Each structure stands twice: as C-alpha cells, then as structure tokens.
Amino acid sequence: MNALFKLTEPTGRNDTLAFEDAVRMRRSFRGFLDTPVPDDVLREVLHDAQCAPSNCNTQPWDVHIVSGAKLTGLSERIHAENEAGEFTPDFTFEMADFHGVYGERKDAQGKAYYEAMNVMRADKEGRARAAALNYSFFGAPHVALLFMPSFGDNVRTAGDLGMYGQTFLLSLAARSLGGIPQTALGFFAGTIREYLGIPDEMKMLFGISFGYPDEVAPGNRMRMDRAPLSESVSFHR
Ligand SMILES: Cc1cc2nc3c(=O)[nH]c(=O)nc-3n(C[C@H](O)[C@H](O)[C@H](O)COP(=O)(O)O)c2cc1C
C-alpha cells in the first residue's frame with residue numbers, strides 16, 4: 001500500500017465521480033428521499049472527511065451522526081424549542097451583520113429559497129414554516145452534527161470544521177448523495193447536546209443533513225450562482 005493511503009482506512013473509490021464533476025455537481029439539497037445511506041458508503045464518506053486538513057493537524061472535529069428513531073426524536077425536540085423561541089446557540093449569527101454585497105447575496109439566497117417553496121414575501125407564517133424545514137432535516141434520513149472544542153476566539157477551529165464539512169459534502173457528491181450544511185441547527189446547540197449526552201465543553205458549529213436527494217422536491221428547484229472571479233480574487237505579480 002502506498003504510504004499516502006495509510007492516512008485513511010479503506011477507500012471505496014469505485015464509482016466515485018471525478019473531482020471536477022463532484023465539485024460542480026455539489027449543491028445544497030433541501031429535500032431527500034427517506035432511503036438510508038448504506039453503512040459501508042457512510043463509512044467511506046467519513047474516511048474521506050477525515051482526510052481534511054486542520055491547523056497543526058489538531059483535527060478538532062467531533063462528529064455525531066444521528067439517524068432513525070433518534071433523529072425523529074431530535075427533530076421533535078428542536079421543533080418544540082423553535083416554536084417556544086428557546087434558542088441555545090454556542091456561536092452568534094446575526095443576519096443584520098452581513099453588510100454591502102454580502103447582505104445582497106444573503107437576500108438573494110433567501111429570495112431564491114422562498115420562491116422555490118412558493119412562499120410570498122409578505123407571508124410571514126409561510127416563511128417561518130419553510131425555514132422550520134431545517135428542523136425536519138429537510139426529510140434527510142441522517143444528520144452529521146459538527147462539534148468542536150473551544151480554543152481562544154475559535155476562529156481557527158471553526159475554519160478547520162469548514163474544511164471537514166466541505167470534504168464531507170464533496171465525498172457525498174462524488175457518490176451521487178447530497179447534503180446541506182445547516183447553521184440553523186446550531187441555534188439549538190444546547191438542546192442537541194443534552195439530547196445526545198454530549199459534554200458541555202464541545203461546541204456545535206453546524207450540522208449537515210444528508211442522504212439521497214429528492215430531485216423533484218420544491219426545495220431543490222433553486223440553483224445559486226457565484227460572483228465572477230474578478231470580485232473574489234486579486235492577482236499580485
Ligand atoms: C456553514 C454553512 C451553513 C449553512 N446553513 C444553512 C442553513 O442553516 N439552512 C439552509 O437552508 N442553508 C444553509 N446553508 C447553505 C447555503 O445557503 C448554500 O451553501 C449557499 O446558498 C450556496 O448554495 P449551494 O450550496 O447550493 O451552492 C449553509 C451553508 C454553509 C456553508
């Protein structure tokens with residue numbers, strides 16, 4: 001075995017998409033079939049994600065995969081807390097903080113979602129119902145909840161979890177699976193910690209609901225575009 005592969009255990013590389021295809025095929029899915037992901041496929045995804053880089057190789061991700069009855073129970077708990085307005089986030093998230101072009105992109109994303117869901121802008125209740133689909137994991141049979149230890153201002157560690165999350169998502173895409181990263185789940189970090197018996201020291205950044213995408217689900221009608229390179233990249237020579 002090549003020394004490189006000692007980093008990760010078995011790799012089921014059969015049937016995975018080429019890199020370019022996986023990167024371009026990945027998108028956020030907001031509607032899934034209830035078919036579970038076979039354990040061997042899930043393990044390959046987890047082995048792939050484990051290859052993610054991290055600051056000083058600290059590998060600060062503490063990942064909890066929730067499925068089946070445990071997932072149904074968690075969904076019920078979070079919906080109840082959401083309706084009661086009982087939020088227990090570990091990290092702040094303030095929509096109003098996104099200024100300028102970032103605010104415009106955020107608004108465009110929200111508009112695309114509510115249009116896909118056929119909810120009018122003025123329909124506050126309809127919007128709340130559509131947003132609450134986050135707490136049904138958009139019908140996915142599994143969620144990966146990404147926890148981390150707390151160090152300093154947590155920025156480096158959060159970056160590492162982002163690396164992990166994207167590797168996880170690309171591995172799903174390469175296997176024709178889909179996922180959706182969800183900060184919304186982090187609004188209930190305390191509830192989730194209690195429900196799963198996770199120590200208080202572990203802080204939750206976001207979750208990824210995943211499974212086989214339901215291609216015809218309303219939430220999957222949208223496609224988000226990207227700014228041209230010239231808006232994101234500067235070349236210095
Ligand atoms: C860390 C992170 C958290 C996100 N949280 C949510 C969320 O809570 N709910 C949601 O519907 N989408 C969420 N998204 C998905 C973004 O809206 C999506 O990635 C973006 O609009 C680009 O679309 P695409 O992923 O389809 O390319 C999140 C994405 C990231 C990276």
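Counting starts at 1 for both ligands and their atoms, in listed order. FYI, the numbering just counts along the sequence from 1. Owing to the predicted nature of the structure, the values given are computational and were not obtained by experimental measurement.
Given atom 21 (O) of ligand 1, the protein heavy atom at minimum distance is Q109 CG, 3.2 Å. Looking from atom 6 (C) of ligand 1 to the surrounding protein, the closest heavy atom is P181 O, 3.0 Å. Ranking the protein heavy atoms by distance from atom 9 (N) of ligand 1 puts N134 OD1, 3.1 Å first. Looking from atom 27 (O) of ligand 1 to the surrounding protein, the closest heavy atom is R226 NH2, 2.8 Å.
Put simply, the side chain of N134 gets close to the backbone of A131: a donor and an acceptor are under 3.5 Å apart. At distances below 3.5 Å, not a single donor-acceptor pair connects side-chain atoms of R30 with backbone N or O atoms of I180. Using a distance-only test at 3.5 Å, with no hydrogens or angles considered, a donor-acceptor pair links the side chain of Y195 to the main chain of L74. Remark: side-chain polar atoms of D90 are paired, donor with acceptor, to backbone N or O of M204 under 3.5 angstrom.
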**OP:** Please step through ring pair (Phe, Tyr, Trp, His ring centres under 6.0 Å) for the pair F188 and F87, ending with a clear verdict.
**Re:** CA-CA 5 Å; F188 302 93; F87 305 109; 5.4 Å; yes
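In this structure, R223 has no heavy atom closer than 4.0 Å to ligand 1. Residue contacts with ligand 1 do not include M222, since none of its heavy atoms lies under 4.0 Å from the ligand.
For a threshold of 3.5 Å applied to N or O pairs, the pair formed by I180 and ligand 1 contains no separation below that value.
When G219, A131, S28, G179 are ranked by how near their heavy atoms come to atom 25 (O) of ligand 1, first place goes to S28. When M224, Q182, R30 are ranked by how near their heavy atoms come to atom 16 (C) of ligand 1, first place goes to R30. Among L146, I208, T183, the residue whose heavy atom lies closest to atom 5 (N) of ligand 1 is T183.
A salt bridge is defined here as a Lys NZ or Arg NE, NH1 or NH2 lying under 4.0 Å from an Asp or Glu carboxylate O, and E94 with K106 fails to meet this definition.
Distances below 4.0 Å separate heavy atoms of A184 from the following atoms of ligand 1: 8 (O). Listed by number with element, the atoms of ligand 1 under 4.0 Å from a non-hydrogen atom of R27 are 26 (O). Residue contact check: R26 has heavy atoms under 4.0 Å from atoms 24 (P), 25 (O), 27 (O) of ligand 1.
Remark: Y135 OH to H79 NE2 distance equals 9.0 Å, nearest 0.5 Å.
Counting only heavy atoms from C-beta outward, the side chains of Y113 and L133 approach each other to under 4.5 Å.
Between F93 and F187, the two ring planes are tilted [angle within 30° to 60°].
Proximity of K106 to ligand 1, defined as any heavy-atom pair under 4.0 Å, is not found for any part of the residue.
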